[in-house]
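Working notes, beginning with the structure itself.
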Amino acid sequence: MLLNSKGKHRRPSKAARIATLAGVTGAAVAVPLMGATSASAASVETWDAVAQCESGGNWSINTGNGYYGGLQFSQSSWAAAGGTQYASRADLASKDQQIATAEKLLDMQGPGAWACAGAGGLTNDGVDPGVNTGSGESKPEQAQPERQAEQPTTRSEQREAPKAESGKTVTTPTGQKVQKGDGEYKVKAGDTLSTIAKAEGVKGGWSKIFKLNDDIVKDADLIFPGQQLHLK
């Protein structure tokens, strides 16, 4: 569990809490000051021991508590030590990549960056762990493709060949241009689909006229003088 130079990122491990109760915290506080300005390194075996204390040795652990991977990096520590060059979070990187990042954090903050440094025997011993960060063992976070909702087919898309494709239009009282159509009945002022159906004896009434002319009539309550409607 990582700690920063100003304080602990999270509550200390069980081992650290026992040490506190025993009154030996003074030595632990002094640890980050040792060798923090010189190159630092530790063996893979040492990092394994720290990981065993921090996460039970699970290098891909993510419990949702804000700390990731075998060495329980916080997101800020992972980024500060350059871990994002391998993966967005520590648990998505390989063991070697996590150790390489931990080496940089060790150099930056010293062993005290980990509550389990004592349990793992972590020191600035200068041992090169010899990890291979290009091993390809990382597990990059994969973006899940978003399922696109199927768009309903509109009535205009369902029509194979609209009757009024001549480009002729009628101007409405508001200045809007609508399709004129090429039917046998020319709409007059005051007409409605219902009055037309009744006057012309259209079987099926206004709904029949609406269906026959749905390529130019978008709303059954809105027809305009000059439009030419099919009645059969």
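In this chain, residues are counted from 1 in sequence order.
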What pair of heavy atoms forms the shortest contact from A117 to P111, and how long is it? CB-O, 3.2 Å

Please report the interatomic distance OG1(T195) to NZ(K188), rounded to the nearest 0.5 Å. 8.0 Å

Side-chain heavy atoms nearer than 4.5 Å, only ILVMFWY residues, links allowed to pass through others: does that put V217 and L222 together? no

Modelled atom types, side-chain donor and acceptor of N65 and T63, under 3.5 Å: yes

Does this structure show an ion pair linking D48 with K95, if we count only N-O contacts that are shorter than 4.0 Å? yes

What I'd like to find out is whether the side chain of K186 reaches to under 4.5 Å of the side chain of Q227, using heavy atoms alone. no

Separation of K218 NZ from N213 CG (nearest 0.5 Å): 10.5 Å

Within the 3.5 Å criterion, strictly below it, is a donor on W47 or E103 matched to an acceptor on the partner's side chain? yes

Could you tell me whether the side chains of S194 and T192 share a donor-acceptor contact shorter than 3.5 Å? no

Could you tell me which non-hydrogen atom of G205 sits nearest to which non-hydrogen atom of A197, and how far apart they are? C-CB, 3.5 Å

When you compare the side chain of L193 with that of L229, does any pair of heavy atoms fall below 4.5 Å? yes

Closest heavy-atom pair and its distance - A119, C53: CB-SG, 3.8 Å

Remaining members of I61's ILVMFWY cluster at a side-chain heavy-atom cut-off under 4.5 Å? none

Compare every heavy atom of G69 with every heavy atom of S55, then report the nearest pair and how far apart it is. CB-O, 3.9 Å

When rounded to the nearest 0.5 angstrom, what is the spacing between CD in Q228 and NZ in K168? 8.0 Å

Please find the pair of heavy atoms, one from F73 and one from A90, that lie closest to each other, and give the distance. CD1-CB, 3.7 Å

Set of side chain to side chain contact (heavy atoms under 4.5 Å, CB included) partners for D221, sequence neighbours left out: D219

Test L92 against Y68 for side chain to side chain contact (heavy atoms under 4.5 Å, CB included), laying out the working first. CA-CA 9 Å; L92 301 173; Y68 308 95; over 6 Å; no

Spacing of K208 atom NZ and K232 atom NZ [to the nearest 0.5 Å]: 12.0 Å

Tell me, do I209 and Y185 make a side-chain contact under 4.5 Å, heavy atoms counted? no

Quick check on the hydrophobic clustering: are F224 and F210 connected, directly or via other members, by side-chain heavy-atom contacts under 4.5 Å? no

Compare all side-chain heavy atoms of T123 with those of T46 and state whether any distance is below 4.5 angstrom. no

Under 3.5 Å side-chain donor-acceptor pair for T171 and K177: yes

Please round to the nearest 0.5 Å and tell me the distance separating atom CG of D91 and atom CD of Q98. 7.5 Å

Between Q109 and A113 the two heavy atoms that sit nearest each other are OE1-CB, 3.4 Å

Quick one: do L231 and V187 end up in the same hydrophobic cluster if we chain Ile, Leu, Val, Met, Phe, Trp and Tyr together by side-chain heavy atoms under 4.5 Å apart? yes

With rounding to the nearest 0.5 Å, note down the distance linking OH in Y67 to CZ in R89. 15.0 Å

Contact check, side chains of W59 and L71, non-hydrogen atoms, under 4.5 Å: yes

